[in-house]
Amino acid sequence: MAVYTDVAADELADFLKQYDLGELLSYKGIAEGVENSNFLLHTSAGSFILTLYEKRVAKNDLPFFLALMTHLAEHGINCPLPVKARDGEALRELSGRPAAIITFLEGMWPRKPNVSHCAGVGEALAKMHLAGANFTIKRANALSVSGWRPLFDAAASRADEVQPGLRGFLAAELDHLSSGVWPTDLPEGVIHADLFNDNVFFLGDRLSGIIDFTFACNDMLAYDVAICLNAWCFEPDHSFNVTKARAFLNAYGRVRKLTASEEAALPLLARGAAIRFLLTRLVDWLNVPPGALVKPKDPLEYVRKLRFHQSVTSARDYGLMPSGLVA
Ligand SMILES: Nc1ncnc2c1ncn2[C@@H]1O[C@H](COP(=O)(O)OP(=O)(O)OP(=O)(O)O)[C@@H](O)[C@H]1O
Ligand SMILES: N[C@@H](CCO)C(=O)O
């Protein structure tokens, strides 16, 4: 998260009068993250996170995110719970933004993910996919293939300022991914769609919870797997770590086995996931709002990752044995 919209102390104290959360003791903006404005609140009832939803979040989608967290928590996934105000509603408005308070989750996100973290994420992702199976509200993925072209159009004219040749590289990849190759017949369900290391908390080596459902949607389950390969299985120098990928995929497969079609589609899905994050990062890199407390993420990291996936010929390169045999 970040802070794009500031909240004054008296405004926040007034806002909290709508809840049974006691008295506001202290609060501070959270600089981490890039999407929404977030505050850590300490009240006489405990610690909470206040989110003001910003640019990429459509207000109509908020009931989906809030209901999903409740559903997942009821189905054994450790994630924050929306806090309802006295009128029974969790979704409100503050400083002109849609806003919600969620419960605080203990733990730390891993700054340097290791193989054991990757295995933990694989298991948790598969459990989340199973837990989401009977969630009835639907939300299409606004950042799938048809959502990438507008991002490209918004950044194209300045892309070469970030890296010479980037515009042509992105255009060629987008043309490929939108030429009819993108899978349409893989198993679908609720996906997190942003399960990066800063959205997974650990207590020691044990995964303690998952946060940040603001990109969650219905899409191919294997696309979520591909997002995690990008987010968890590369080193700081952006080289691919097949040991981490194998640990992640095997742990996922022990809970929910990937089908042969899902395995075969992984290289393509990983390319799609890489361009999705490359494009949102590029747009954000070129458009930092003046005065915002935010550190934009490096888009070029995803150029390297995308080039790697372009060189992959089968899921074996990600450490999977043929037909899902555990390595
Ligand atoms: N429920 C929670 N419990 C404890 N800490 C939280 C919780 N929600 C958010 N945080 C803190 O706020 C930070 C940013 O949160 P979050 O990832 O939801 O923001 P974001 O703007 O959507 O970020 P991004 O999409 O870039 O990951 C987290 O890394 C964590 O430190
Ligand atoms: N997790 C994303 C930011 C939120 O979409 C990234 O690292 O680019």
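Atoms within each ligand, like the ligands themselves, are counted from 1 in listed order. Keep in mind the model is a prediction, meaning the values are calculated, not measured.
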### Task
Identify, with sequence neighbours excluded, every residue that meets salt bridge (Lys or Arg N to Asp or Glu O under 4.0 Å) alongside Asp20.
Arg86
#### Entry: For ligand 1, the portion of Asp194 having any non-hydrogen atom under 4.0 Å away
side chain
### Task
Using a 4.0 Å heavy-atom cut-off, say whether Phe196 meets ligand 1 through its side chain, its backbone, both or neither.
neither
### Query
Are Arg254 and Glu123 within salt-bridge range, i.e. N to O under 4.0 Å?
no
### Query
Within 45° of the ring axis of Phe215 and under 6.0 Å from its six-membered ring centre, is that where the NZ or CZ of Arg276 lies?
yes
### Query
Hey, is Leu105 touching ligand 1 through its side chain, its backbone, both or neither, going by heavy atoms under 4.0 Å?
both
### Summary
ring pair (Phe, Tyr, Trp, His ring centres under 6.0 Å) test vs His117 passes for just one of Trp232, Phe202, Phe248, namely Phe202
### Query
So is Thr103 close enough to ligand 1, meaning a heavy atom under 4.0 angstrom away?
yes
### Task
Flag the pair Asp284 and Arg281 as a salt bridge only when some basic side-chain nitrogen lies within less than 4.0 angstrom of an acidic carboxylate oxygen.
no
#### Entry: Residue shell around ligand 2, heavy atom under 4.0 angstrom
Val34, Glu35, Asp194, Phe196, Phe215, Arg276, Phe277, Arg281, Lys297
### Query
Does the pair Asp175/Arg149 count as a salt bridge with the N-to-O cut at 4.0 Å?
yes
### Message
Whether Arg304 and Asp298 form a salt bridge (side-chain N of Lys/Arg under 4.0 Å from carboxylate O of Asp/Glu) is what I want to check.
### Response
no
